[in-house]
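The first residue in the sequence is number 1, and the count goes up from there. We use all heavy atoms of the structure for the numbers below, so side chains are in, but hydrogens, waters and symmetry mates are not. Because the structure is predicted, anything quoted here is derived from the model rather than measured.
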Amino acid sequence: MPRTYSIRTTGRTVYDELQAAIYPIYKKAGLMGVLFLAVLIVGVHCWLAIAIVHRFATAIFLLVCVCLFWVGLLAHFYGHKLPEDPYSKVEAQLSKYKWLPYIAALLALAAVTAFVLTQSIHSRPRLQSFGSLILILIVSILFSDNPGRIKWRPVVCGIVLQYLVALAILKWEAGREAFRFVIDQIVYFLGYTSAGTNFVFGYIPVPPNICGMDGPFSFTSLPILIFFSAIISAAYYLGFVQWTTRMMAVLLQWTMGTTSAESLNAMGSVLIGPTDGALLMQFALPSMTYSEIVAALAVGYSMIDGSLFALYIAFGACPTLLLSANVMSAPAVLTISKLICPEVQKSRQKDMNTFSFPPTEAESLLDSICKGAVSAMSVIFAIIANLIVFLALIAFLDRTIGYVCSAVGYDDVTFNKGLGWAFFPLAYIMGVSDAPDWETQKDEILKVAQLIGTKTALNEFIAYQQMQQMLVNKEIGGRAQLMAIYCLCGYSNPSQIGSQLGIYGAMCPQRKKDFVTAAAKGLLIGSLTCFMTACVAGSIVSTDMGCLPTTNPLCFDVSNGTNPRWVSAQ
């Protein structure tokens, strides 16, 4: 039978929990299994103590894992029933002072504005980013279904949360180093995929280091998706995904006042990606309000799957910026959603303790790993098919537009340049370039505008590939790269509409009409979310945080058959 994960509400003692946890092990493995587990736990702690004494630096990762184990164990014993939102009690006591929330919102916005202005007063690009943030909020209000019903708590708290995350990751040295440590471990872990690809495909993923001879993309980068999908599937089977998502969602619910469904969907998408995060809403969809549905669909446009991180990092997307963009998008997408589609119905998803996760179909841990790996194959073939079609389409449009324009005397006009000109005003207003002279600024703004246009018209995958070539050719600087990474970090393009309707329509066919109307709003919200996170990051960062795509510094040049030699890959 499938295992069902639900949030329990009954209070039990630690002894009851310990007995309930040990009994299944005793039933399956007997007394020896329980003793083996106890010896294993004690042994790990002894090994950790020895590792710390031997060399503390190399024991940090093991120490973090053990601490997370105990945090999870304590939360399992004492976290069955989450306390109510503290704000709701305060709100009930102060309900007669209707003007108080507005004053609190204005004070919070004033504090954020004052802080950002003092930090960026001497930097025009950073001031432009902050001004663009305000403009995005104004545009969201103009497109609102019901401006008079907007609740300002999720808006103000969402903006504050974004700045707190950005400050912790981009400005605070200790936070940046901690975040970088986590990212390095994730990238290092995903790197083990090469052991499988090298065995299966032989020398194809790692060809001889000859100039111009790189491993085929479908054999080097895409297999990471298989490994990542298998790990996430195993984590879901063990309940780790459900528990982590729940703990992270509590932060959003307590601060922004969003419902359990909205909070869990947003934080689940940060953890496992918006595609799989949407599946967490399976049992909640029939009873969700229209505003909650719009927020759920918008999440699918505003983030990317974690399985693609390693690919985009290879394209030159800085790991810290890429993951922080996904984290910042969680409060950002709910902020924009509650501006464009404010809640006007009574939600039935307010209690986090009553939310149930969909069951896993795997019969065992190994079965979950196998199912996760196999399920990733359809994603890989979809990426390959889309790349072939879209790259061919771009080449065709470049040639066609170039021919039509050259016929009337305008040479060197391409599809990408047309996209750049269309999005040039947006990129300029956002302050994407800090180059010292206007000509360099104009070139960088046009390049970033091209990337935004490619991501909006086609998809972010091709846009990140184009960014890689721009970085190799040194066509954009560090700030332009930073702004581009945030702007591109989302699935906000028309092709995603079909995917969203397919996923949600299959889970809840009776609400297809709501999904259809919410899909277009979700696309707008997702696009504004990506621009919003870019503006937040751009308003507080002035230093060059760019990083180059991973390349081999030297390669063997055989183009001159009589004099082959090692040369720089650049």
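- Between the Ser229 side chain and the Leu225 main chain, no donor and acceptor come within less than 3.5 Å of each other.
- Between Pro223 and Phe201, the shortest heavy-atom distance links the atoms CG-CE1, 4.4 Å.
- No donor-acceptor contact under 3.5 angstrom links the side chains of Thr414 and Asn416, judged on distance only.
- Thr533 and Ala325 get closest at one heavy-atom pair: CG2-O, 4.4 Å.
- Within a 6.0 Å radius of CZ in Phe396, no more than 12 heavy atoms belonging to other residues, nucleotides or ligands are found.
- The side chain to side chain contact (heavy atoms under 4.5 Å, CB included) with Tyr504 is formed by just one residue from the set Leu297, Val516, Asp514; it is Leu297.
- When only modelled atom types and interatomic distance are considered, Ser368 and Ser233 share no side-chain donor-acceptor pair under 3.5 Å.
- Ring geometry, Phe227 versus Phe189: the interplanar angle falls from 30° to 60°, so the pair is classed tilted.
- Side-chain N or O atoms of Ser324 include one that pairs as donor or acceptor with a backbone N or O of Leu321 at under 3.5 Å.
- Side-chain contact between Phe228 and Asp305 is absent, with no heavy atoms from C-beta onward closer than 4.5 Å.
- For the residue pair Leu334 and Ala295, the shortest heavy atom distance occurs at CD2-CB, 4.2 Å.
- Applying the 6.0 Å contact sphere to CZ of Phe240 captures no more than 12 heavy atoms from other residues, nucleotides or ligands.
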Please assess Arg511 against Leu285 for the test side chain to side chain contact (heavy atoms under 4.5 Å, CB included), listing each intermediate value before the final yes or no. CA-CA 8 Å; Arg511 303 204 65 177; Leu285 283 174; 5.6 Å; no

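- No side-chain donor from either of Tyr491 and Gln500 sits under 3.5 Å from a side-chain acceptor of the other.
- Side chain of Ser302 to main chain of Gly490: no donor-acceptor pair is present (N/O by atom type, distance under 3.5 Å, no hydrogens or angles).
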